[in-house]
Amino acid sequence: MIAAYLVDSSQRLKMDDLSITYLNYTPIPITDLIGSGKDQKSMADVPLDELVPYACEDADITYQLYEYLKQKLAADLLTDVAHSLDFPLSRVLARMEQKGVSIDKNLLADFSEALQKDMDMLEAQIYELAGERFNIQSPAQLGTILFEKLQLPAGKKTKTGKYSTNEAVLSKLAHHHQVPNLILEYRSLSKLKSTYSDALPSLINEQTNRIHTDYNQCVAATGRLASSNPNLQNIPIRTARSREIRKAFIPQQGFQIMSADYSQIELRVIAHISEDEQMISAFKSGEDIHARTAMEIFQLDNITQVTSDHRRKAKEVNFGIPYGLSAFGLAQNLGISNAEAKQMIEAYFERFPRILNYIEDSKNFVMEHGYVSTLLGRRRYLPDIESPNWNLRAFAERAAINMPIQGTAADIIKSAMISIDQWLINEGFKSRMLLQVHDELIFEIHEDEQALCSIIVNKMESASELKVPLKVDWGMGAHWLEAHS
DNA sequence: CCCATCACG
DNA sequence: ACGTACGTGATGGGC
């Protein structure tokens with residue numbers, strides 16, 4: 001199983017102060033790995049987790065290790081995604097990590113200051129209304145204040161039996177008391193400040209003056225990447241104030257930030273895998289897919305009959321399908337009755353019967369074979385499908401539905417990344433790929449190379465030939481927010 | 001160290 | 001009749 005080997009074998013060198021120099025200029029001494037003199041081991045005896053297969057393009061020795069690891073793994077690999085995709089991609093990721101991204105720390109410093117002021121005001125109001133001071137950040141203390149002192153109706157308990165004070169619970173309390181809303185407001189500001197505004201500037205590397213994330217190729221069970229130290233795949237965007245953070249992601253002098261993202265890639269993948277004619281024709285003709293879904297679910301004859309409420313509901317169904325949605329989950333998210341949600345799902349499957357087939361096929365496949373796989377053959381084993389525990393089995397079923405979809409989308413963008421990076425390097429362009437956020441690629445485009453944008457978009461759209469076209473939206477600007485179309 | 005919460009696709 | 005949508009990572013509280 002590829003993932004299992006890669007988890008242990010191919011973590012790239014850490015991008016701390018030391019290793020940037022290390023990566024660029026110093027070949028890894030082979031003796032560090034196999035020892036020397038009479039302690040010297042054969043290459044074959046080196047535990048896989050000590051091998052660093054692809055750290056430095058310029059170092060012969062790392063290349064040898066890379067080749068060695070390829071051979072070593074070849075005997076064990078079930079498929080060739082490792083060779084065709086993940087090994088080549090590891091070099092692309094190493095380049096992106098080393099390149100890093102510029103951060104406007106003055107902007108973030110000002111932002112932090114403004115956040116702190118607002119938090120201080122909220123804090124005072126909360127203490128006033130609660131009638132005492134307490135730690136707002138402590139769910140335990142907050143629970144006591146809200147549900148014992150103020151006698152507000154407690155919602156769900158957490159799984160450890162304590163009062164839940166999460167977003168869903170506090171929102172429902174909004175009309176009982178002012179405090180819950182103030183808490184929510186305080187939390188969102190606090191999150192922005194501690195996780196982003198304060199943290200990012202402190203991670204600027206002194207040598208490069210940029211921040212360097214780690215891309216982990218081996219943790220996500222679906223084949224997605226993960227980003228850490230810092231995580232640059234969860235930079236805020238959903239609210240007006242939070243997306244200010246994105247203004248701090250800026251290009252170096254003479255460049256612009258360009259962002260290109262796949263439109264509806266997971267739904268397109270479902271359309272392809274399930275071969276549902278309705279959905280394929282909707283994507284082929286470039287229709288508004290949520291409006292089209294609304295027409296089908298609510299049995300409307302004409303697109304002009306689709307209200308914004310229809311569309312909103314249909315969008316939520318489309319969103320939930322790849323997760324193995326339930327009537328309960330849909331009802332919760334839409335604030336509608338269980339019965340209405342159930343009816344919508346039934347109507348959906350009646351109109352998109354092949355999607356239902358896909359779900360049933362996935363469940364049957366995983367029960368028979370113990371795994372599911374993506375278009376390129378990446379596998380996820382789901383042993384819980386045999387569990388006597390109903391809950392674990394249900395989770396495994398939903399994961400079996402989701403992984404081929406999420407994973408195929410990951411395969412596609414990985415393939416695009418390899419071809420774009422190779423092309424940028426081979427042609428000697430100054431522009432570089434900086435970041436990947438699951439369905440989005442972010443570049444730094446040199447001012448003389450703006451013509452590259454349409455070629456990048458083209459390469460992304462032709463990364464895979466599906467039964468539906470792939471569509472990419474893109475934009476360019478003086479920072480990430482402006483670039484994100 | 002785990003838990004709860006919340007940021008993203 | 002069961003509990004409740006998939007995949008991640010960072011933070012602060014509290015034991």
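Just so it is clear: chains get the letters A, B, ... in the order the sequence lines come, proteins before strands, and each one is counted from 1.
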>> Under 4.0 Å, counting only non-hydrogen atoms across every strand here, what does A:Glu167 touch: a base, just sugar-phosphate, or nothing?
In response: sugar-phosphate
> Does a side-chain N or O from A:Gln141 land closer than 4.0 Å to OP1 or OP2 of C:dG14, or not?
Replying inline: yes
> C:dT4, C:dG7, B:dT5: which one has an atom nearest the side-chain heavy atoms of A:Phe328?
Replying inline: C:dT4
> Looking only at side-chain N and O atoms, does A:Ser190 come under 4.0 Å of OP1 or OP2 in C:dT11?
Replying inline: no
> Given atom CZ of A:Phe134 and atom C1' of C:dG13, what is their separation to the nearest angstrom?
Replying inline: 14 Å
> Using a cut-off of 4.0 Å on non-hydrogen atoms, how would the nucleic acid contact of A:Pro236 be classed: base, sugar-phosphate, or nothing?
Replying inline: sugar-phosphate
> Can you tell me how far P of C:dC6 sits from CG of A:Leu225, to the nearest Å?
Replying inline: 21 Å
> Do A:Glu316 and C:dA5 share a donor-acceptor pair, side chain to base, under 3.5 Å?
Replying inline: yes
> Looking for any heavy atom pair under 4.0 Å, which part of the strands does A:Ala221 touch: base, sugar-phosphate only, or nothing?
Replying inline: sugar-phosphate
>> For a quick test of reading the model: is some side-chain N or O of A:Arg224 closer than 4.0 Å to OP1 or OP2 of B:dG9?
In response: no
> Using atom P of each nucleotide, how far apart are B:dC6 and C:dC2 to the nearest Å?
Replying inline: 28 Å
>> Quick check for you: among C:dG3, B:dT5, B:dG9, whose closest atom lies nearest to any side-chain atom of A:Val437?
In response: B:dG9
> Looking at A:Arg398, does any N or O in its side chain come under 4.0 Å of the phosphate oxygens OP1/OP2 on C:dA5?
Replying inline: no
>> Distance check needed: B:dC3 P versus A:Tyr163 OH, whole Å only.
In response: 20 Å
> Would you call A:Asp384 and A:Arg393 a salt bridge, taking side-chain N to carboxylate O under 4.0 Å as the test?
Replying inline: no
> A:Lys191 side chain: which of B:dT5, C:dT8, B:dG9 is closest?
Replying inline: B:dT5
>> Would the base of C:dA5 count as contacting A:Asn333 through its side chain, where contact means a donor and an acceptor less than 3.5 Å apart?
In response: yes
>> Heavy atoms only, 4.0 Å cut-off, all strands: where does A:Phe395 land among base, sugar-phosphate and nothing?
In response: sugar-phosphate
>> Check this one for me: any side-chain N or O of A:Arg187 less than 4.0 Å away from OP1 or OP2 of B:dC6?
In response: yes
>> Working note: A:Thr374 + A:Thr408, criterion side chain to side chain donor-acceptor pair (under 3.5 Å); need CA distance, chi angles, decisive distance, verdict.
In response: CA-CA 5 Å; A:Thr374 66; A:Thr408 297; 4.7 Å; no
>> Filter on ring-ring contact (aromatic ring centres under 6.0 Å, His included), then keep only pairs touching residues 461-485 of chain A, sequence neighbours left out; what's left?
In response: A:Phe249-A:Trp480
>> Under 4.0 Å, heavy atoms only, any strand: does A:Ala409 hit a base, just the sugar-phosphate, or nothing?
In response: nothing
>> Ring centres within less than 5.5 Å and planes less than 30° apart: is that true of A:Tyr323 and C:dC6 in this structure?
In response: yes
> Can you tell me how far P in C:dA5 sits from the matching atom in B:dT5, rounded to whole Å?
Replying inline: 15 Å
> What integer distance in Å separates A:Ile235:CD1 from B:dA7:C1'?
Replying inline: 9 Å
>> Taking the six-membered ring for Trp, are A:Tyr196 and A:Phe111 closer than 6.0 Å centroid to centroid?
In response: no
>> In whole Å, I'd like the distance from the CD atom of A:Gln436 to the C1' atom of C:dT8.
In response: 12 Å
>> Rounding to an integer number of Å, can you tell me how far A:Asn231 CG sits from C:dT8 C1'?
In response: 7 Å
> Is the phosphate of C:dA10, meaning OP1 or OP2, less than 4.0 Å from a side-chain N or O of A:Asn229?
Replying inline: yes
>> Between A:Gln233 and A:Ser227, do the side chains contain a donor N or O and an acceptor N or O under 3.5 Å apart?
In response: no
> Out of C:dT11, C:dG9, B:dA7, which nucleotide sits closest to the side chain of A:Ala226?
Replying inline: C:dG9
> Taking CG from A:Asn166 and C1' from B:dA7, how many angstroms apart are they, rounded to a whole number?
Replying inline: 15 Å
>> Which nucleotide wins on minimum distance to the side chain of A:Ala220, given the candidates C:dC6, C:dT8, B:dA7?
In response: C:dT8
>> Please confirm whether the shortest side-chain N or O distance from A:Thr213 to OP1 or OP2 of C:dG9 is below 4.0 Å.
In response: no
>> So, does A:Thr160 get its side chain near the phosphate of B:dC2, meaning an N or O under 4.0 Å from OP1 or OP2?
In response: no
> How would you label the contact of A:Thr195 with the nucleic acid (heavy atoms, under 4.0 Å): base, sugar-phosphate, or nothing?
Replying inline: sugar-phosphate
>> Any strand counts, and the cut-off is 3.5 Å on both contacts for Watson-Crick or G-U wobble. Which nucleotide pairs with C:dA1?
In response: none
>> Under 4.0 Å, counting only non-hydrogen atoms across every strand here, what does A:Leu192 touch: a base, just sugar-phosphate, or nothing?
In response: nothing
>> Expressed as a whole number of angstroms, how long is the span from A:Lys157:NZ to C:dG3:P?
In response: 17 Å
>> Hydrogens and angles aside, do A:Tyr163 and A:Glu148 bring a side-chain donor and acceptor to less than 3.5 Å of each other?
In response: yes
>> Does a side-chain N or O of A:Asn234 approach OP1 or OP2 of C:dA10 to a distance below 4.0 Å, or not?
In response: no
> Think A:Arg380 has a side-chain N or O under 4.0 angstrom from the OP1 or OP2 of C:dG7?
Replying inline: yes
>> Of the listed nucleotides (B:dC6, C:dG9, B:dA7), which one gets closest to any side-chain atom of A:Ser228?
In response: C:dG9
> Taking only residues two or more places apart in sequence, or in another chain, which ones meet A:Glu482 in a salt bridge (Lys or Arg N to Asp or Glu O under 4.0 Å)?
Replying inline: none
>> Is it the case that the side chains of A:Arg187 and A:Thr165 hold a donor-acceptor pair, with the cut-off being a distance below 3.5 Å and no angle test?
In response: yes
> Side chain of A:Gln406, base of C:dC6: donor and acceptor closer than 3.5 Å?
Replying inline: yes
>> Which nucleotide wins on minimum distance to the side chain of A:Arg246, given the candidates B:dC8, C:dA10, C:dG13?
In response: B:dC8
> What nucleotide among B:dT5, B:dA7, C:dT11 has an atom nearest to a side-chain atom of A:Thr165?
Replying inline: B:dT5
